[in-house]
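Values in this document were obtained by computation on a predicted structure and should not be read as measured data.
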Amino acid sequence: MNKTLYTLAAATMLLTACESMDMEPLSQGNSSSWYSNELELEMATNEFYILGYWNTPLEGSEQWTDNFTYRQQNRNPGSNGTVLDGTVNGQQWEVYSLWQQDYKLIARANTLLANYHKAEGTMTEEKLNRFAGEAYFCRACKYAELICYYGDVPYMNGTETILDACNKGRMAKDEVKALAYEDFDKAIEYLPVSYGSSAQHATRGAALAMKARFALYNGDFDIAADAAKKCMDLKVYSLEPEYGRLFLQSTKENPEKIFFIPRSLANDVILDQWYVNNGLPRCAGGYGSDNPSWDLFAAYLCTDGLPIDESPLFDPRNPFANRDPRCTATIVEFGTEHCGFEYNPRPDVTKVMNYVTGQMQDNADNRAVNQYASYNGLIWKKGIDISWTENGKKVERDYIMMRYADVLLMYAEAMIELNKIDDSVVNAINMVRSRAYGVAASATDSYPAVKLGTQEEMRKAVRIERRMELANEGLRYMDLIRWRLASKALNGYNYINLQPTELLNNIVKKDLWFWGMTPQIDEDGLADFSALYNAGLVDYGAKRVFPDRQYLWPIPTHDIELCPNLKNNPGY
């Protein structure tokens, strides 16, 4: 009897241990003998939402962008990791992990779709279709993701043997895309708008929003605009009034969250400890080594709606003042409380307040005190608070894949690219921006509202809005890829502060802290720090390298060796 293998990933990886799959409940079945009643279908679809299928490796994808820098990237040449070293290859963890997990979920979806008819007559047709809708949703999402990263990919919509998979090779991207759209449409037809108080699985709104995202990624702007608008017209989603609150682990179900995987301390489904330690400041017992980049910091507009090199409100010596509120909601402002401590990386501030004890203590977030403190002086605030230091640093922050603000901005961008710019486009952007200022979109005198402009002006406005709104949510990488800006934005240096002694002698005493002069912002919203470097005010670490071949990733080496018909992408 031939052993059936459901996907290429299963064919090559099933015999290996899967650390990322440790969330799978042992009580849930996935045998082809299942799917005969509602309980078995419910258990099978529960497995679609194993966290490893959705966040590996994408939760850390911000580190592949100009929004992020890691301590090791700051001083060691060639330490950006292979994506930003320009050395991506088919044996890289990110490359095979994404491929493997996507095909594993496709396998589960295919198996359910091949078997769910066994339960006919045991439940209503509506409920039976709901289970099928979840499978169509997952299959659509994963094929859409695969073509964005790999281009042409093998397509399987049933259970197949290794020989079948090898003989098929890669299907053209456009053909896979069309099939993914069909799956999205079936999901939209079958899925409910809401599950009420029951467990959150994919909904009609999630299917519409994810269809809009991948249509936008593929330049199908008419499809993207239509799907985003239909999601908006469901009238079940709204913006959380307080931007920063949305990302905290204490904020669970929320009308802005459209599709997310909940973490749970009770079930030991928690944020990876390495991620937690890297995010916490050193004073709070963390490493403080995952940092927002200066590039991102420079991208936030001033409160007059102008970039920092055009606004009279910007002072490089006090760079957090007069900035879009999302700046200080995303990056910890110097001299403010964070995780129970004053955060101040200024090299002459060697003591800070411990707000838990009410006592001053050594400033471990200052490189003059601790050489491993943030090299560029910045640390993340978004989603991080003192609760991260509790429960043994076990954090149950939800993994959010789609939220309503993104839908509004996708709608606006798609309409701009179609050159159908009207009040609905401006209002969509302004709903997002005004929320950051805590006012209604109609209160245009209380925030720098976007106004109708040319297609180029509106394109620039929505792109900078995405960067400010969605920073550190894993979306910047694919934005740069689809805008064809990766080879520009991701070739350069990680700029950092000088050594502490140099800072004290040459900058702090001359009142030039933090930057000393204003970085320039180009037509794509990208910062240029070369003038500061040439003036001796900043240093640089590792060089980022992004060759054009990396607009597509290579096919995993193991799968090509097993299935030579796959062929590889150009340049690998």
Side-chain angles (χ1 to χ4, degrees), residues 71 240-252 263 265-266 270-292 297 300 315 317-398 436 438 472 497 499-501 503-504 507-509 511 513-514:
R71 184 179 65 221
E240 156 62 39
E242 186 181 342
Y243 176 76
R245 177 182 178 274
L246 181 64
F247 311 101
L248 299 176
Q249 66 170 326
S250 58
T251 304
K252 296 303 181 183
R263 290 186 173 93
L265 195 63
I270 56 176
L271 200 59
D272 184 85
Q273 282 292 292
W274 180 251
Y275 191 100
V276 173
N277 281 325
N278 282 331
L280 282 170
R282 300 193 77 85
C283 280
Y287 306 149
S289 51
D290 281 354
N291 310 130
F297 187 33
Y300 286 92
D315 179 1
R317 296 167 179 80
N318 188 15
F320 286 95
N322 304 314
R323 306 292 294 280
D324 184 291
R326 287 167 293 189
C327 181
T328 53
T330 303
I331 303 171
V332 180
E333 182 177 3
F334 304 153
T336 63
E337 186 275 333
H338 179 59
C339 295
F341 300 83
E342 176 190 352
Y343 180 76
N344 200 329
R346 183 177 167 122
D348 57 345
V349 178
T350 58
K351 298 284 186 179
V352 292
M353 174 59 69
N354 180 330
Y355 290 95
V356 177
T357 65
Q359 303 294 318
M360 300 294 287
Q361 69 169 51
D362 288 343
N363 182 10
D365 289 301
N366 178 337
R367 286 177 62 208
V369 175
N370 189 309
Q371 64 175 319
Y372 296 116
S374 171
Y375 279 29
N376 70 358
L378 305 179
I379 59 173
W380 294 106
K381 182 177 181 180
K382 189 174 184 178
I384 302 174
D385 64 3
I386 196 169
S387 69
W388 280 38
T389 66
E390 301 165 355
N391 300 308
K393 298 182 185 176
K394 293 183 177 180
V395 177
E396 57 177 5
R397 185 177 71 180
D398 292 340
N472 209 25
N497 292 129
Q499 294 290 343
T501 300
L503 279 169
L504 283 169
I507 295 180
V508 174
K509 291 179 181 178
D511 194 29
W513 176 261
F514 170 69

When you measure from the side chain of [X] to the backbone N and O of [Y], does any donor-acceptor pair fall under 3.5 Å?
X	Y	answer
E337	G340	yes
R326	Y300	no
N354	T357	yes
E240	E242	yes
E396	L265	yes
D365	S374	no

Which atom of [X] lies closest to which atom of [Y], heavy atoms considered:
X	Y	answer
N278	S289	OD1-OG, 2.7 Å
R323	C327	CB-CB, 4.0 Å
Q273	K393	NE2-O, 2.5 Å
P281	C339	CD-SG, 4.1 Å
N344	F334	OD1-CB, 4.4 Å
P345	G377	CG-O, 3.3 Å

Could you tell me the separation between the [atom1] atom of [X] and the [atom2] atom of [Y], rounded to the nearest 0.5 Å?
X	Y	atom1	atom2	value
I331	N472	CD1	CG	9.5 Å
L248	I386	CG	CD1	12.5 Å
I384	Y275	CD1	OH	7.0 Å
W380	F247	CH2	CZ	11.5 Å
I379	L280	CD1	CG	8.5 Å
H338	Y355	NE2	OH	13.0 Å

Original post:
side chain to side chain contact (heavy atoms under 4.5 Å, CB included) between V395 and R397: does it pass, once the steps are laid out?
Top reply: CA-CA 6 Å; V395 177; R397 185 177 71 180; 4.0 Å; yes

Original post:
Stepwise, does the side chain to side chain contact (heavy atoms under 4.5 Å, CB included) test hold for W388 with L271?
Top reply: CA-CA 10 Å; W388 280 38; L271 200 59; 3.6 Å; yes

Subject >> Whether over 12 other heavy atoms sit under 6.0 Å from Y287 OH >> reply: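 Open: at most 12 neighbouring heavy atoms sit under 6.0 Å from OH of Y287.
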
Original post:
With a cut-off of 6.0 Å (strictly less than), are more than 12 heavy atoms of other residues, nucleotides or ligands near NZ of K394?
Top reply: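 Check fails, neighbour count at 12 or below.
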
Quick check: do [X] and [Y] have side-chain heavy atoms less than 4.5 Å from each other?
X	Y	result
K252	D398	yes
V356	T389	no
N497	W513	yes

Subject >> Stepwise side chain to side chain contact (heavy atoms under 4.5 Å, CB included) check, R317 with D511 >> reply: CA-CA 8 Å; R317 296 167 179 80; D511 194 29; 4.1 Å; yes

Subject >> D362 and K351 ion-paired at < 4.0 Å >> reply: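 Result for this pair is yes, salt bridge flagged.
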
**OP:** Establish, yes or no, whether the cationic atom of R367 lies under 6.0 Å from the six-membered ring centre of Y375 and within 45° of the ring axis.
**Re:**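 That pair qualifies as a cation-pi contact.
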
**OP:** Tell me, with the steps shown, if F320 and T336 meet side chain to side chain contact (heavy atoms under 4.5 Å, CB included).
**Re:** CA-CA 11 Å; F320 286 95; T336 63; over 6 Å; no

Original post:
So, T350 and N363: side-chain donor and acceptor under 3.5 Å apart, yes or no?
Top reply: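 No, no side-chain donor-acceptor contact under 3.5 Å.
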
**OP:** Applying side chain to side chain contact (heavy atoms under 4.5 Å, CB included) between F297 and each of N376, T330, L378, report the one that passes.
**Re:**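 Exactly one pass, corresponding to L378.
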
